[in-house]
Amino acid sequence: MDATEAGDGGPVTHVVIAGGGSAGWMTAAALCSVLAGRGVRVTLIESEQIGTVGVGEATLPHLRYFNQRLGIDEPEFMRATGATYKLGIEFAHWGRRGDAYIHPFGEFGSDVDGVGFHHAFLRAQAAGSPHALGEYSLPVFMAAAGRFAFPAADPTDLAATYSYAYHVDSALYARYLRGFSEARGVQRQEGRIVGVDQAPESGFIRAVTLESGHRIEGDLFIDCSGFRGLLIEQTLHAGYEHWKHWLPCDRAIAIPCEGVPDPPPYTQARAERAGWRWRIPLQHRIGNGHVYASDFCSDDEALDVLRAALPGRAMAEPNLLRFQTGRRRLSWSHNCVAIGLSAGFLEPLESTGLHLIQLAIMKLVELFPGRAMEPRLRDEFNRVMQMEVERVKDFLITHYHVTERDDSPFWDHCRTLALPDSLQHKLETFRETGHVVRYREGLFLEPSWIAVLLGQRLLPRRIDPRIQRYPLASLQAGLEALRVRIRDCAEAMPRHQQALDRVGDPGDQGWRSASMSLYGVREAVH
Ligand SMILES: Cc1cc2nc3c(=O)[nH]c(=O)nc-3n(C[C@H](O)[C@H](O)[C@H](O)COP(=O)(O)OP(=O)(O)OC[C@H]3O[C@@H](n4cnc5c(N)ncnc54)[C@H](O)[C@@H]3O)c2cc1C
């Protein structure tokens with residue numbers, strides 16, 4: 001009897017990855033380097049005929065750790081993917097038309113006698129301070145001023161209060177990782193999977209068959225086939241939890257256009273009548289997209305909005321994408337693990353797509369099973385992935401729900417929708433007390449919530465009484481001194497373009513070694 005059918009022991013010796021988008025190649029690259037020397041063979045099957053989703057350009061700082069773990073050289077990666085630096089996301093017109101704030105990869109001020117900085121900020125505001133929250137955050141100031149420098153290594157340094165990510169060309173990133181993986185022994189198989197052979201008793205996948213008739217057997221199958229979920233859904237019927245009632249956007253149109261010199265070191269997310277638009281600067285072009293809810297906006301209207309707002313000449317035809325926000329009920333079922341869009345999708349507002357892929361890969365490596373697919377490992381993987389995705393979901397809903405906008409049926413819908421209990425509790429607690437309910441696990445930490453909640457005008461009814469007792473004059477003097485330090489520090493930094501020019505010069509080794517030693521150790525990642 002087949003070992004996988006019997007569910008008996010023995011190590012996994014052959015991993016088969018179905019799909020070669022960002023998810024497939026990130027998985028292949030990680031497995032071939034992390035599992036090197038453990039006798040595990042990796043095969044990746046992809047179909048050029050089917051292609052990839054072709055978007056996914058804004059990232060989170062965690063991607064740097066992923067690359068570092070694989071031993072990828074940062075300047076080489078940036079040149080290969082046309083990457084720029086990213087310090088956060090600017091949200092325009094979300095709380096109210098005309099508003100704008102930046103959600104940075106970093107902190108706002110620092111605690112005052114153990115009380116969160118935003119309480120001090122709110123007290124100063126109530127006393128008439130004209131300064132915005134972002135003026136107390138170095139990465140916000142840097143972003144607004146178009147500056148970029150690496151975080152400082154000394155955790156006591158003001159310049160250690162932020163982190164950074166990248167804007168990347170995701171197709172080029174996948175191509176780069178393909179070269180990386182093939183050089184380390186990953187076998188790439190071109191072809192369309194047309195058949196899946198399952199063990200009759202256990203339902204475990206034994207092999208996939210390509211259009212050519214070629215049969216590929218494996219012990220562990222990674223479904224990176226995108227929205228279709230070829231193995232996890234079409235074969236194993238893991239189920240899908242739909243979240244459209246919370247996250248109503250279900251379509252996107254993307255058009256790349258010509259770039260501009262000195263691009264901003266941040267992603268732009270501008271709220272529209274029935275969704276929002278992204279603008280993502282790369283070295284060689286700008287990625288533009290319009291995410292919208294088809295219940296409130298036609299495709300033609302969405303395309304008109306996007307075209308009218310292109311900052312340069314279009315470089316390709318519009319790419320229309322349909323998606324269903326939600327999550328796969330089981331990311332790991334039988335001997336199949338879904339990674340990437342096959343595991344679910346939460347729309348791109350906070351650039352979490354590649355992050356969730358990276359998280360799933362690292363979890364899989366940590367819980368790497370034997371051929372028996374130990375249920376405890378599987379259950380733990382599914383628990384962690386569900387929790388992570390649910391946290392992101394709550395944060396995304398917040399952007400739509402915490403708004404005063406009432407200028408379209410879409411915003412009326414978002415403003416009044418019934419929230420998940422976890423988020424209801426979080427928002428009510430903040431509204432009543434100014435405190436952010438902390439999660440023990442999960443992606444977005446307090447500064448991220450503060451950025452969005454205050455940025456979208458959710459002002460608490462009261463603030464921490466300990467700050468109310470603090471002498472106002474010394475509080476104001478402290479805030480002003482911090483604001484000036486932040487401004488001076490940001491203004492002394494190079495422009496983003498200067499930092500990019502140095503990446504483009506492979507001979508500039510002085511910069512390269514400096515950049516490696518200047519990685520911040522604090523890495524306030526939110
Ligand atoms: C509108 C939009 C914007 C996004 N923006 C961001 C962003 O800014 N930042 C971010 O981090 N993420 C973003 N994402 C998410 C990101 O694009 C994806 O998470 C990422 O690209 C991974 O996709 P994938 O590899 O899972 O799927 P895909 O790119 O769809 O790849 C699927 C692969 O499976 C192969 N395949 C499918 N069926 C078969 C078959 N039968 N036989 C053989 N091969 C097959 C295909 O050929 C392809 O290689 C965005 C997503 C969308 C929809």
Side-chain angles (χ1 to χ4, degrees), residues 16-28 43-63 66 86 89 165-171 173-175 177-178 188-196 208-212 214 216 222-235 249-255 267-269 275-280 282 287-292 302 306 318-325 328 331 338-361 389 392:
V16 177
I17 301 171
S22 315
W25 283 114
M26 283 174 76
T27 307
T43 301
L44 184 145
I45 306 162
E46 66 178 324
S47 160
E48 272 171 22
Q49 197 189 342
I50 295 175
T52 66
V53 71
V55 279
E57 297 163 333
T59 70
L60 296 181
H62 309 68
L63 191 69
F66 182 78
K86 172 181 171 185
I89 305 175
Y166 314 106
H167 301 119
V168 296
D169 183 319
S170 57
Y173 186 42
R175 188 186 302 168
L177 291 178
R178 174 179 164 186
R188 175 184 179 274
Q189 182 72 52
E190 169 63 33
R192 191 188 179 103
I193 298 168
V194 292
V196 183
V208 292
T209 311
L210 307 187
E211 219 165 18
S212 61
H214 184 45
I216 300 171
I222 314 292
D223 187 344
C224 295
S225 65
F227 289 126
R228 51 179 60 74
L230 185 70
L231 305 180
I232 196 76
E233 191 59 50
Q234 292 183 16
T235 307
C249 291
D250 58 357
R251 287 193 193 178
I253 301 181
I255 307 179
T267 305
Q268 287 166 276
W276 62 280
R277 266 192 302 112
W278 80 71
R279 188 177 291 177
I280 300 176
L282 302 174
N288 307 277
H290 186 184
V291 177
Y292 57 99
L306 183 60
N319 179 11
L320 173 66
L321 299 136
R322 295 183 170 80
F323 55 84
Q324 298 180 322
T325 49
R328 194 71 60 200
S331 294
I339 295 182
L341 296 172
S342 59
F345 184 54
L346 280 173
E347 80 136 86
L349 187 56
E350 281 283 355
S351 320
T352 46
L354 297 187
H355 172 71
L356 290 169
I357 291 171
Q358 166 183 350
L359 208 70
I361 294 170
V389 172
V392 174

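Numbering of ligands and ligand atoms starts at 1, following listing order.
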Any side-chain heavy atom of Val392 within less than 4.5 Å of one from Val389? no
With atoms numbered from 1 as shown, which atoms in ligand 1 lie under 4.0 angstrom from a non-hydrogen atom of Ala58? 7 (C), 8 (O), 9 (N), 10 (C), 11 (O)
Hey, is Ala174 one of the residues with a heavy atom under 4.0 angstrom from ligand 1? no
Please determine whether any non-hydrogen atom of Ser170 lies less than 4.0 Å from an atom of ligand 1. no
Nearest neighbour in protein (non-hydrogen) for atom 44 (N) of ligand 1: Ser47 N, 3.6 Å
Taking the non-hydrogen atoms of Ile357, is any one of them nearer than 4.0 angstrom to ligand 1? yes
Counting from 1 in the order shown, the ligand 1 atoms closer than 4.0 Å to a non-hydrogen atom of Gly340 are 26 (O)
Could you tell me whether Leu321 and ligand 1 have an N or O pair separated by under 3.5 Å? no
Ranked by distance from atom 49 (O) of ligand 1, the top protein heavy atom is Gly20 N, 2.9 Å
Can you list the ligand 1 atoms lying under 4.0 Å from a non-hydrogen atom of Glu57? 7 (C), 8 (O), 9 (N)
For atom 40 (C) of ligand 1, find the nearest protein heavy atom and state the residue, atom name and distance (0.1 Å precision). Ile50 CD1, 3.4 Å
Given the rule in the side-chain contact (heavy atoms from CB on, under 4.5 Å) test, do Phe227 and Arg322 qualify, once you have shown the distances and angles that lead to the verdict? CA-CA 9 Å; Phe227 289 126; Arg322 295 183 170 80; over 6 Å; no
Test side-chain contact (heavy atoms from CB on, under 4.5 Å), reference Ile45, set Arg188, Glu190, Gln189, output is Gln189
Just let me know how Arg228 lines up against ligand 1, side chain, backbone, both or neither, with a heavy-atom cut-off below 4.0 Å. side chain
For atom 4 (C) of ligand 1, the protein heavy atom that lies nearest, with its residue and separation: Pro348 CB, 3.4 Å
Any N or O on Val55 sitting closer than 3.5 Å to an N or O of ligand 1? yes
Would you indicate whether the side-chain heavy atoms of Ile253 and Arg251 approach each other to under 4.5 Å? no
Going by the order shown, which atoms of ligand 1 are within less than 4.0 Å of some heavy atom of Val53? 17 (O), 21 (O), 28 (P), 29 (O), 30 (O)
Can you check whether Leu346 reaches Leu356 side chain to side chain, under 4.5 Å on heavy atoms? yes
With no hydrogens and no angle check, is any side-chain donor or acceptor of Glu347 less than 3.5 Å from a backbone partner on Val291? no
Here the atoms of ligand 1 under 4.0 Å from any heavy atom belonging to Gly191 are 42 (N), 43 (C)
Tell me, do Thr267 and His167 make a side-chain contact under 4.5 Å, heavy atoms counted? yes
Residue part near ligand 1, for Leu230, under 4.0 Å between non-hydrogen atoms: side chain
For atom 33 (C) of ligand 1, tell me which residue out of Ala18, Cys224, Gly226, Gly24 has the closest non-hydrogen atom. Cys224
Side chain of Asn319, backbone of Ala254: donor and acceptor closer than 3.5 Å? no
Does any N or O in the side chain of Ser225 come within less than 3.5 Å of the main-chain N or O of Arg228, such that one atom is a donor and the other an acceptor? no
Are any of the N/O atoms in His355 less than 3.5 Å from those in ligand 1? no
Closest protein heavy atom (residue, atom, distance) for atom 35 (C) of ligand 1: Gly19 CA, 3.6 Å
Show me which atoms of ligand 1 lie under 4.0 Å from any heavy atom of Gly51. 46 (C), 47 (O), 48 (C)
Contact check: Ala252 vs ligand 1, nitrogen or oxygen atoms, below 3.5 angstrom: no
With a cut-off of 6.0 Å (strictly less than), are more than 12 heavy atoms of other residues, nucleotides or ligands near CZ of Arg175? no
Close N or O approach (Leu341, ligand 1; < 3.5 Å): yes
Pick one of side chain, backbone, both or neither for how Ala254 approaches ligand 1, counting any non-hydrogen atom pair under 4.0 Å. neither
Report the C-alpha distance between Ile89 and Trp278 in whole Å, list the side-chain angles of each, state the deciding distance to 0.1 Å, and finish with yes or no for side-chain contact (heavy atoms from CB on, under 4.5 Å). CA-CA 10 Å; Ile89 305 175; Trp278 80 71; over 6 Å; no
Mark up the atoms of ligand 1 that fall under 4.0 Å of a heavy atom belonging to Gly353, in ascending order. 10 (C), 11 (O), 12 (N)
For ligand 1, which atoms have a heavy atom of Ala23 less than 4.0 angstrom away? 22 (C), 24 (P), 25 (O), 26 (O)
Check for a donor-acceptor pair, side chain of Thr59 on one end and backbone N or O of His355 on the other, with a separation under 3.5 Å. no
Close side-chain approach of Pro318 to Leu306, heavy-atom, < 4.5 Å: no
For ligand 1, indicate whether the residue Val291 contacts it via side chain, backbone, both or neither (heavy-atom separation under 4.0 Å). neither
Residue pair Thr235, Asp223: steps toward the side-chain contact (heavy atoms from CB on, under 4.5 Å) verdict: CA-CA 11 Å; Thr235 307; Asp223 187 344; over 6 Å; no
the protein heavy atom lying closest to atom 41 (N) of ligand 1 turns out to be Ile193 O, 3.2 Å
Which residue owns the protein heavy atom closest to atom 15 (C) of ligand 1, what's the atom, and how far is it? Phe345 CE1, 3.8 Å
Give a yes/no on ligand 1: does Trp25 have at least one heavy atom closer than 4.0 angstrom to it? no
Nearest to atom 13 (C) of ligand 1, what protein heavy atom do you find, and at what distance? Gly56 CA, 3.3 Å
